[in-house]
Amino acid sequence: MPTFSVRENFPVAADVWRMTLVGATPALAPGSFVEVALPNCYLRRPFSVCASEKNSFTIIYKVVGKGTEIMTHFAEGQDVDVITGLGNGFDESRVRRKALLVGGGLGVAPLYQLALNLRSRGVKCVFVGGFNSEKDIFLRNEFETICDEARYTTMDGSFGHQGLVTELISDVDYDYFYSCGPLPMLKALSKVALTSGQLSLEARMGCGYGVCMGCSIETAQGPQRVCKEGPVFDKEVLLW
């Protein structure tokens, strides 16, 4: 299996870490994911690609259990077994003029490379990020630098608007949207969005290849696997 070396691994928010690995890989598509093998853990762990260029990529992960706790101890130069380029990412050609990027929690991570790519094409971007509190916010400076506008919501009101991301988009002029985050947020966004869009689903994955069928969902096109046909789906395909 491909081996990558840790370039950096450090905390960026409350229980949230940023890790960059280097090794033989092409630039990875925004919205695709990688699977990381961890010592003494049976299953690999899937993580969305936050940023990527040839021979390196960055992931953002939250410490929620044994596997991610192990990852916080990965040191610079340590070798890690990673499978890259899994899943289908966002289709950047869908937007013509201005994109709305909506992320919730860790779902903000895959929108970063997307914003970079869209900006390089001259597409304007408005970013809306939803978090539980100010201490959970990450990549704030990055999005504020890349995007034409960045808005934030927190559930406790400690930063930005207190409430939901859907309460901050009614006055945004956009011709396509991209989103990643918890299912309730994606469902609510799909109902109020004025245009077509693509949503990246979060799901538990047993294999990451589409073999175990453990992440299958019912869609307008029949059963599909989040790891194989997704994790990015068109708004019109999803059944809520």
Side-chain angles (χ1 to χ4, degrees), residues 28-34 46-52 59-60 62 85-118 123-132 138-139 143 147 150-153 163-170 172-205 208 210 214-240:
L28 305 174
S32 64
F33 67 96
V34 302
F47 298 98
S48 295
V49 174
C50 172
S52 176
I59 60 174
I60 303 286
K62 187 176 180 67
L86 299 173
N88 293 301
F90 294 108
D91 184 348
E92 301 167 24
S93 69
R94 301 287 185 89
V95 61
R96 301 183 305 277
R97 177 181 55 86
K98 192 173 186 178
L100 172 65
L101 311 180
V102 183
L106 283 186
V108 165
L111 300 179
Y112 176 55
Q113 185 67 54
L114 176 64
L116 284 171
N117 291 2
L118 293 177
V123 174
K124 295 188 176 187
C125 298
V126 174
F127 168 75
V128 180
F131 299 88
N132 286 326
F138 58 92
L139 295 179
F143 278 104
C147 296
R151 304 180 180 187
Y152 297 89
T153 70
L164 307 174
V165 292
T166 50
E167 297 167 359
L168 284 186
I169 67 172
S170 61
V172 179
D173 174 29
Y174 59 96
D175 57 82
Y176 202 79
F177 77 88
Y178 300 93
S179 184
C180 182
L183 283 177
M185 185 201 83
L186 299 181
K187 179 179 180 180
L189 178 62
S190 293
K191 289 184 176 180
V192 301
L194 301 177
T195 70
S196 296
Q198 289 191 319
L199 306 102
S200 180
L201 304 189
E202 299 174 343
R204 288 187 176 275
M205 299 178 185
C215 61
S216 295
I217 61 171
E218 191 63 43
T219 74
Q221 299 174 346
Q224 296 199 359
R225 299 155 294 182
V226 173
C227 71
K228 191 68 174 179
E229 286 76 36
V232 176
F233 294 91
D234 293 343
K235 179 183 80 169
E236 294 78 12
V237 170
L238 296 172
L239 302 176
W240 302 108

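Being a predicted model, the structure only gives us computed values, none of them experimental.
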- Item | Side-chain donor/acceptor of S32 to backbone N/O of L28, under 3.5 Å | no
Output for pair (T153 OG1, N132 CG), nearest 0.5 Å, gives 9.5 Å
Sequence neighbours excluded, the answer for side-chain hydrogen bond (donor to acceptor under 3.5 Å, both in side chains) partners of S93 is D91
Test your reading of the model: is there a side-chain donor-acceptor pair from S48 to the backbone of P110, 3.5 Å cut-off? no
Does the R151 side chain pair with the main chain of F127, one donor and one acceptor, at a distance under 3.5 Å? no
Smallest heavy-atom separation, G105 atom then F131 atom, equals O-CE2, 4.0 Å
### Query
Side chains of M185 and V165: closer than 4.5 Å at any heavy-atom pair?
yes
In this structure, CG of L201 is separated from SG of C215 (nearest 0.5 Å) by 9.5 Å
Value for SG (C180) from CG (L189), rounded to nearest 0.5 Å, stands at 11.5 Å
Scanning both residues in full, the closest heavy-atom pair of V123 with R96 reads CG2-O, 4.3 Å
Separation between OG (S200) and CG (L111), nearest 0.5 Å, reads 8.0 Å
All heavy atoms of L118 vs all of A99, minimum pair found to be CD1-CB, 3.9 Å
Strictly distance-based, threshold 3.5 Å: is any side-chain N or O of D175 a donor or acceptor partner for the main-chain N or O of V95?
no
Report yes if some heavy atom in the side chain of F33 is under 4.5 Å from a heavy atom in the side chain of C227; otherwise report no.
yes
Rounded to the nearest 0.5 angstrom, the NZ-OG1 distance for K98 and T195 is 12.5 Å
Which of L106, I59, L139 passes side chain to side chain contact (heavy atoms under 4.5 Å, CB included) with C50? Answer is L139
Heavy-atom nearest pair, Q113 first then P30, reads CG-CG, 3.7 Å
Taking Y178 for the side chain and G31 for the main chain, is one N or O donor matched with an acceptor at less than 3.5 Å?
no
_Candidate pair I169 and V128, rule side-chain contact (heavy atoms from CB on, under 4.5 Å), full reasoning_ = CA-CA 8 Å; I169 67 172; V128 180; 4.1 Å; yes
Does the side-chain contact (heavy atoms from CB on, under 4.5 Å) test come out yes or no for L100 and V102, once each step is laid out?
CA-CA 6 Å; L100 172 65; V102 183; 3.7 Å; yes
Where do I60 and F138 land on the side-chain contact (heavy atoms from CB on, under 4.5 Å) test, with the steps shown first? CA-CA 9 Å; I60 303 286; F138 58 92; 3.9 Å; yes
Across all chains, not counting sequence neighbours, the side-chain contact (heavy atoms from CB on, under 4.5 Å) partners of A115 are L101, F143, I146, C147
Below 4.5 Å, heavy atoms only, C-beta onward: do L199 and L238 meet side chain to side chain? yes
Run the side-chain contact (heavy atoms from CB on, under 4.5 Å) check on F233 and I217 step by step: do they pass? CA-CA 11 Å; F233 294 91; I217 61 171; 4.2 Å; yes
For F177 and A193, the nearest pair of non-hydrogen atoms, with its separation, is CE2-CB, 3.4 Å
Check whether any side-chain heavy atom of E202 lies under 4.5 Å from a side-chain heavy atom of L183, and answer yes or no. no
When rounded to the nearest 0.5 Å, the distance separating OH of Y176 from OG of S196 is 6.0 Å
In short, G104 meets P182 closest at the heavy-atom pair O-CD, 3.7 Å
Residue pairs meeting salt bridge (Lys or Arg N to Asp or Glu O under 4.0 Å), one or both in residues 229-240, sequence neighbours left out, come to R94-D234, R225-E229
Problem - Within 6.0 Å of NZ in K124, more than 12 heavy atoms from elsewhere - result: no
